[in-house]
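Convention: sequence-line order gives letters A, B, ...; per-chain numbering from 1.
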There are 2 protein chains.
Amino acid sequence: MLSPEMNMKPPKRKALEAAGWKVGTVKEFLNLTDAEEAYIEMKLSLARELEETRKAKHLTQKALAQLLKTSQPRVAMMEKADQSVSIDLLVRALLQLGTHLRLAA
Amino acid sequence: MLSPEMNMKPPKRKALEAAGWKVGTVKEFLNLTDAEEAYIEMKLSLARELEETRKAKHLTQKALAQLLKTSQPRVAMMEKADQSVSIDLLVRALLQLGTHLRLAA
DNA sequence: AGACAATATATCAATACTGATATATTGTCA
DNA sequence: TGACAATATATCAGTATTGATATATTGTCT
């Protein structure tokens with residue numbers, strides 16, 4: 001997870017602000033540029049797509065790992081869009097699953 | 001990494017045919033899977049997008065390299081979708097240029 | 001509760017990617 | 001043609017990513 005504030009629902013946020021806390025966005029908190037934010041969001045989208053696709057095919061992480069010729073722990077990292085996972089890896093995994101991906105301007 | 005055959009440079013199809021060879025598609029010749037082919041095409045389209053964007057902004061490779069904090073030779077490789085260039089690098093470059101990349105699954 | 005399957009986390013050696021440098025080639029214009 | 005700008009190619013050290021292993025945690029049963 002990037003930071004606790006990320007999952008904060010509006011009510012909680014209001015409460016914090018009432019208590020004197022200044023709560024900004026995760027992006028502000030981490031000093032992310034627009035490009036960095038877009039990159040992370042793209043990775044998160046791919047990760048979610050991978051997990052959804054796996055579940056739609058009724059595969060465990062272990063079974064998917066065998067299909068992709070990698071390990072269950074790496075699949076877990078992929079689905080969490082871990083920092084150690086590249087967009088390349090996610091894209092290749094989805095393409096191997098037959099997903100018709102389009103990544104364009 | 002993709003299969004080893006993918007590192008092969010595209011054969012000169014015309015030359016082969018002129019010499020009497022019957023050849024199929026590059027994909028067949030290199031034994032590319034659908035996934036490998038899709039991966040390459042995605043990289044190529046990102047590379048083209050980068051070059052077009054650079055030219056639209058009237059930048060030389062050297063100038064773009066400075067913007068991206070890399071070198072002119074690397075920009076040349078990126079625009080050629082060289083095997084040493086990842087989709088990650090291309091995506092980050094485009095995002096830094098303000099390109100709004102869309103991901104369609 | 002215990003037993004088992006599924007998922008998550010930590011670590012690390014091997015490999016792949018990246019930026020940089022040097023150099024070569026190509027393109028343009030006087 | 002020569003001089004110069006732009007682009008391309010080769011190489012390599014530093015870094016990041018990858019697959020694997022071991023282990024821990026979580027979830028789902030009876």
Side-chain angles (χ1 to χ4, degrees), chain A residues 1-4 6-7 32-33 35-36 39-40 42-44 46-97 103, chain B residues 1-10 12 32-33 35-36 39-40 42-44 46-97:
Chain A
M1 192 202 287
L2 292 174
S3 91
M6 195 174 190
N7 298 328
L32 297 186
T33 63
E36 287 168 338
Y39 175 82
I40 290 177
M42 183 173 295
K43 232 166 90 164
L44 286 171
L46 290 166
R48 281 191 293 264
E49 184 68 27
L50 180 64
E51 183 172 5
E52 282 173 17
T53 302
R54 173 176 66 83
K55 289 181 173 171
K57 292 174 179 287
H58 305 292
L59 296 171
T60 62
Q61 289 183 348
K62 189 177 173 187
L64 176 56
Q66 288 167 338
L67 277 180
L68 301 178
K69 296 184 175 159
T70 183
S71 62
Q72 174 269 321
R74 171 97 3 227
V75 170
M77 297 300 199
M78 289 164 79
E79 292 185 353
K80 290 169 70 76
D82 187 89
Q83 186 133 46
S84 77
V85 172
S86 71
I87 282 185
D88 272 77
L89 189 65
L90 292 167
V91 164
R92 289 199 304 265
L94 284 166
L95 292 178
Q96 282 183 64
L97 285 175
L103 182 52
Chain B
M1 179 173 61
L2 300 169
S3 59
E5 292 86 342
M6 250 169 91
N7 296 335
M8 213 183 292
K9 286 185 178 171
K12 293 285 187 279
L32 296 187
T33 63
E36 287 168 336
Y39 175 82
I40 290 179
M42 184 177 294
K43 230 165 94 166
L44 284 172
L46 290 169
R48 282 190 295 263
E49 184 69 27
L50 180 63
E51 183 173 5
E52 282 172 18
T53 302
R54 172 176 67 81
K55 289 181 173 171
K57 292 174 180 286
H58 305 291
L59 296 171
T60 62
Q61 289 183 348
K62 189 176 173 186
L64 176 57
Q66 289 168 338
L67 275 181
L68 301 178
K69 297 188 168 138
T70 184
S71 62
Q72 174 270 320
R74 176 120 328 254
V75 171
M77 296 301 194
M78 289 164 79
E79 293 185 353
K80 289 170 69 78
D82 188 89
Q83 32 182 109
S84 78
V85 172
S86 70
I87 282 186
D88 275 78
L89 189 65
L90 291 168
V91 165
R92 289 199 304 265
L94 284 167
L95 293 178
Q96 281 182 62
L97 285 176

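- Side-chain atoms of Q72(B) and base atoms of dA6(D) include no donor and acceptor less than 3.5 Å apart.
- Nucleic acid contact for K80(B): sugar-phosphate only, since backbone atoms but no base atoms lie under 4.0 Å from a heavy atom of the residue.
- Applying the 3.5 Å distance criterion, the base of dA8(C) shares no donor-acceptor pair with the side chain of Q61(A).
- Considering only side-chain N and O atoms, K69(B) lies nowhere under 4.0 angstrom from the phosphate OP1 or OP2 of dA20(C).
- Among the protein residues, E51(B) comes within range of no part of the nucleic acid, since none of its heavy atoms lies under 4.0 Å from any strand.
- Mapping D88(B) and A76(B) onto DNA chain D by nearest heavy atom places A76(B) closer to the 5' end of the strand.
- Using a 4.0 Å heavy-atom cutoff across all strands shown, T60(A) reaches sugar-phosphate atoms only and no base atom.
- Residue-level contact check: T70(A) touches the backbone only, with heavy atoms under 4.0 Å from sugar-phosphate atoms and none from bases.
- Residue K43(B) holds its NZ atom at 9.5 Å from CG of L89(B), rounded to the nearest 0.5 Å.
- Two residues are said to be in side-chain contact when any heavy atoms from C-beta on lie closer than 4.5 Å; M42(A) and L103(A) meet this criterion.
- At a threshold of 4.0 angstrom between heavy atoms, the contacts of V85(A) are confined to the sugar-phosphate backbone, with no base atom among them.
- Taking side-chain N and O atoms only, R54(B) has a distance below 4.0 Å to OP1 or OP2 of dT7(D).
- In this structure, of dG19(D), dG19(C), dA8(C), it is dG19(C) that holds the atom nearest to the side chain of S71(B).
- Checking R92(B) against E79(B), the closest nucleotide of DNA chain D that is more toward the 5' end is the one next to E79(B).
- Residue R74(A) places none of its side-chain N or O atoms closer than 4.0 Å to OP1 or OP2 of dC12(C).
- Taking side-chain N and O atoms only, S86(B) has a distance below 4.0 Å to OP1 or OP2 of dT18(C).
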